[in-house]
Amino acid sequence: MSAWNYVVTAHKPTNVTHSCVGNFTSPQELNLIIAKCTRIEIHLLTPQGLQPMLDVPIYGRIATLELFRPHGEAQDFLFIATERYKFCVLQWDADTSELVTRAMGDVSDRIGRPTDNGQIGIIDPDCRLIGLHLYDGLFKVIPFDNRGQLKEAFNIRLEELQVLDIKFLYACSKPTIVVLYQDNKDARHVKTYEVALKEKDFVEGPWSHNNLDNGASMLIPVPMPLGGVIIIGEETIVYCNGSAIKAIPTRPSITKAYGRVDADGSRYLLSDYAGLLHLLVITHDKERVTGLKIEFLGETSIASTISYLDNAFVFVGSSFGDSQLIKLNLHPNSRGSYVEVLERYVNLGPIVDFCVVDLERQGQGQVVTCSGAYKDGSLRIVRNGIGINEQASVELQGIKGMWSLRSSTDDQYDTFLVVSFISETRILAMNLDDELEETEIEGFCSEVQTLFCHDGLHDQLVQVTATSVRLVSATSRALLKEWSAPPGFSVNVATANASQVLLATGGGHLVYLEIGDGKLNEVKHAQLEYEVSCLDINPIGEDPNCSQLAAVGMWTDMSVRLYSLPGLELITKEQLGGEIIPRSVLLCAFEGVSYLLCALGDGHLFNFVLNLSTGELTDRKKVSLGTQPIMLRTFTSKNTTYVFAASDRPTVIYSSNKKLLYSNVNLKEVSHMCPFNSAAFPDSLSIAKEGELTIGTIDDIQKLHIRTIPLGEHARRICHQEQSRTFAICSVKYPQSTNEDSELHYIRLLDDQTFEFISTYNLDTYEHGCSVLSCSFADDSNVYYCVGTAYVLPEENEPTKGRILVFIVEDGKLQLIAEKETKGAVYSLNAFNGKLLAAINQKIQLYKWMLRDDGSRELQSECGHHGHILALYVRTRGDFIVVGDLMKSISLLIYKHEESAIEERARDYNANWMTEVEILDDDIYLGAENSYNLFTVRKNSEAATDEERGRLEVVGEYHLGSLSTDSDMVLLSCVCQTRMWVRFPPSYLVRSTV
């Protein structure tokens, strides 16, 4: 393992946990502020929709997000508290368009039991204090002074220990809280307290209400003039203000989020665990509540937060599915829904499992994740690359080259698209209906293959064919001048820019021409010792129309050379080595650094840093971009220059921080590309692929592309099988209402191209799928799916029974071949030396695949290892087995073939509650635990004593900030969560504060 590592997240957090609406950036502007795990996003509400303004990382997981307006202020402040008991108050500075920290601090206590139901942070509506419920039996108060500044915090003893919710009541002479709690007999009540700031104590409040709905879980304070509080239960909704109580029964449901619609608090949006959205209306006669009404509106994602924006627009933030911007219509649609989804915001979380596959067999891995939960469960196909948004296409076979041309030098847009074939050239142009149609440029020779085209100075066009170079007027389209190849010679390769043409004929002749106004002059001829394979004179110096250098790729000696222009004098010669000829060369500049790129016929690419003044080539590097010949072309997008490498794995080359980077293009084999910036398709590319010519725009560089496969059920485990081209998932379908039967568990088989269900195996009642594996066994050429299950019975604390099911895929169907009962839950399955290794409750068990007398197969127990609390996660490498335990951190086991036994070799004696393990190399193992930390341990093979060799030494610790539960820890760190993070030497791993 290297001493230094750099690790960076590929995707920011996407699960929305909190949101609030207010005038944060200006008194006249309405803002939506969203919390996503460790980040906040500030959006501006505009007539065109939500406009992102700022994306800010927070060093901690956000537990509270509230807007408030101190006395004397014209706009709102933002209060944030984290799960590690840090808090801050932020203000928007309109002059600098930045956030300013008005206050910050630590509200943790040295002793105290953290609340089981999570932190609660609330702010008095009259901005007299901030209240925090962080520990059982304590209520922390942070008072405001008269100037809106925070004073020293203090604790008040709270009698109620099982607090479910706390809110401040509106318009009370003294700050008054209402507490929803559960007593030791599981009955639920509400009680009010006045906060006496001078005495730093509670005073008995004006009212209380006992024996609520057993499912009561949420409080909604109602503003004046009505006042009081709404208590949301599973079967009833109650309004209470001390003097009046109103209640209505509801369909059994568990409400997860609410959002206030009106400033006077007469209407509220409620969303339940099934994503059903309701409108709660308080009927009143201005001062007195007369009743409650509730109306079903429609279905959304399962909401974790709801923010009513304005004019019936609502933001629904979700931790279990995609967040949504919706509009509430006055009239229902054909399905009876008032909800119209305007925009979806992709959410990858929660990711409970994933696998890495190459679905298109292009050598580019894609991550297929089990994302979401409940009805919002889905598979997400995540790939790193650049997408092409297709604008137009036409079927054209056998394209040998493409170039875009303009009708005059000063034109902003391209007019013509020249497409070359083996024996002809076609010219396409955009018509008035924005359609590509064939046209003619009379001065061009269309009966032969075009080798190169370019716009020339003085409103001219250049066409190079095997026999001549033609100079054509862009305005009249007539031939102005022609240079012909010497008799007996033909042009093999050519290149040009606005003022120069360089071509090579057979026999190693290099010819340099210059373009004048109606003139085409041969300036220099050079005889080279070998044939020329490729050329480039792309201007990268001060003059954008003229190059001082020519790059030449050679046959025979497999070299790339630089010649001076106009003299054609050899400046630099670089031997490439090997037996593969260069097929494309390109002079280019990124971020002020000049490069020479040289692509070979086997898909490899050399890049050199080029010194323009001396022609010296340095910093030689070689990368593999594919397996087929590469053609290099430059293009511009958003005023930035990129290089497109067309091959069987098309790639865009660009520079970041003066380092060349390579991004895959999400297309199959591309033979040719040219930029085509037409009026109808600005900033587009023309791409030739598989008998088709496509015009499209390019996505942002460095962007993850996410495709969603909705399942309508929760996928818990996933595995891919290359031989059958299928995925197997363990999934659970939850009931849509509390009246329905318990959830149903399945093993599903999906086609890996269409992602359609092609086969299903129903598990038994109470049987859950825990693990899935694709593997083969010794002395058996078949490939099987192995599934580990557990019977989760309501009366048992831990499963005492499970099964290992062995399936084979035949004709697209799952066929059960064998099953093995186990004495516990099969938490993990691993292929191990042609056998099957299972983690079953506290035991590691090894099974061998045996042939019965009747020709069938069965799993037979060979050996096992006890000594764990619960063996949840297992990884193997050779004969070594790494186990992640529920409480006992990481242990290292070894399988001894001669004795058919598994023994413990070493363990980490720290008490870590593990959420995943992974093997980095023979001696270094990576673990994740439930406090959002990663750590690495090392095997002490060289230690002097048995005691030291039996101890796994912790060599690295790292705060990740998110729960790591996925199947591949190393990749998980890049795909799932949080923020940019850097790993320092193993002995000192610390999260960055970028």
Side-chain angles (χ1 to χ4, degrees), residues 321 346 348-385 666 704-733 744-763 767-776 782-789 803-817 826-831 836 916 965-968 971-972 975-976:
V346 172
L348 275 181
I351 302 174
V352 293
D353 197 14
F354 68 80
C355 59
V356 183
V357 294
D358 181 13
L359 294 178
E360 297 174 1
R361 299 186 176 182
Q362 292 185 337
Q364 181 188 358
Q366 301 170 56
V367 179
V368 182
T369 69
C370 295
S371 291
Y374 307 105
K375 77 173 186 69
D376 290 334
S378 64
L379 299 182
R380 307 290 175 116
I381 299 97
V382 185
R383 61 184 300 172
N384 182 23
N666 295 340
L704 280 182
H705 294 267
I706 301 168
R707 176 185 167 199
T708 302
I709 310 295
L711 298 177
E713 57 193 52
H714 190 180
R716 303 287 299 274
R717 292 290 180 264
I718 187 168
C719 180
H720 183 252
Q721 192 174 90
E722 176 67 28
Q723 291 77 6
S724 63
R725 302 305 303 268
T726 59
F727 287 98
I729 64 171
C730 302
S731 69
V732 52
K733 194 173 187 67
L744 303 173
H745 293 260
Y746 307 102
I747 308 301
R748 305 274 202 190
L749 191 69
L750 290 82
D751 182 274
D752 73 356
Q753 298 299 310
T754 64
F755 286 90
E756 294 176 350
F757 292 159
I758 56 177
S759 183
T760 296
Y761 180 86
N762 295 343
L763 294 177
E767 187 178 20
H768 293 217
C770 299
S771 51
V772 61
L773 170 74
S774 174
C775 69
S776 57
N782 294 317
V783 181
Y784 299 96
Y785 277 121
C786 299
V787 178
T789 73
R803 289 194 295 172
I804 298 176
L805 307 172
V806 182
F807 297 93
I808 192 170
V809 179
E810 289 182 345
D811 300 324
K813 302 295 182 184
L814 279 174
Q815 303 290 341
L816 182 63
I817 300 299
V826 185
Y827 290 114
S828 179
L829 290 172
N830 282 263
L836 185 66
E916 191 53 270
T965 58
D966 293 88
S967 60
D968 185 337
L971 186 57
L972 161 87
V975 172
C976 272

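Side chains included, hydrogens not; waters and symmetry mates left out as well; all remaining heavy atoms used.
Residues satisfying the ring pair (Phe, Tyr, Trp, His ring centres under 6.0 Å) test with His714, not counting sequence neighbours, are none. A search for ring pair (Phe, Tyr, Trp, His ring centres under 6.0 Å) contacts involving Phe755 returns Phe727, not counting sequence neighbours. Shown here are the ring pair (Phe, Tyr, Trp, His ring centres under 6.0 Å) partners of Tyr746, two or more places apart in sequence or in another chain: there are none. Residues passing the side-chain hydrogen bond (donor to acceptor under 3.5 Å, both in side chains) test with Thr789 are Glu767, sequence neighbours excluded. Shown here are the side-chain hydrogen bond (donor to acceptor under 3.5 Å, both in side chains) partners of Thr726, two or more places apart in sequence or in another chain: Ser724, Tyr785.
The closest side-chain heavy-atom distance from Leu763 to Leu805 is below 4.5 Å.
Around the CG atom of Asn762, the shell of radius 6.0 Å holds more than 12 heavy atoms that belong to other residues, nucleotides or ligands. In the displayed structure, Arg716 atom CZ is contacted under 6.0 Å by at most 12 heavy atoms of other residues, nucleotides or ligands.
The heavy-atom pair separating Cys770 from Arg717 by the smallest distance is O-NE, 3.1 Å.
Note on residues 705-715: pairs passing salt bridge (charged side-chain N to carboxylate O under 4.0 Å, His left out), not counting sequence neighbours, are Glu713-Arg748.
Within the 3.5 Å criterion, the main-chain N or O of Tyr374 finds no donor-acceptor partner in the side chain of Lys733. Judged by distance alone, the side chain of Asp751 and the main-chain N or O of Glu756 form no donor-acceptor pair under 3.5 Å.
Looking at Val346, Val356, Leu348 one by one, the single match for side chain to side chain contact (heavy atoms under 4.5 Å, CB included) with Val382 turns out to be Leu348. Checked options Ile817, Leu773, Val809; the residue passing with Tyr784 is Ile817 (criterion: side chain to side chain contact (heavy atoms under 4.5 Å, CB included)).
The structure places CD of Glu722 at 7.5 Å from CG of Asp752, a figure rounded to the nearest 0.5 Å.
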Item to complete: Go through Leu836 and Leu829 one step at a time and tell me if the side-chain contact (heavy atoms from CB on, under 4.5 Å) criterion holds.
Response: CA-CA 7 Å; Leu836 185 66; Leu829 290 172; 4.1 Å; yes
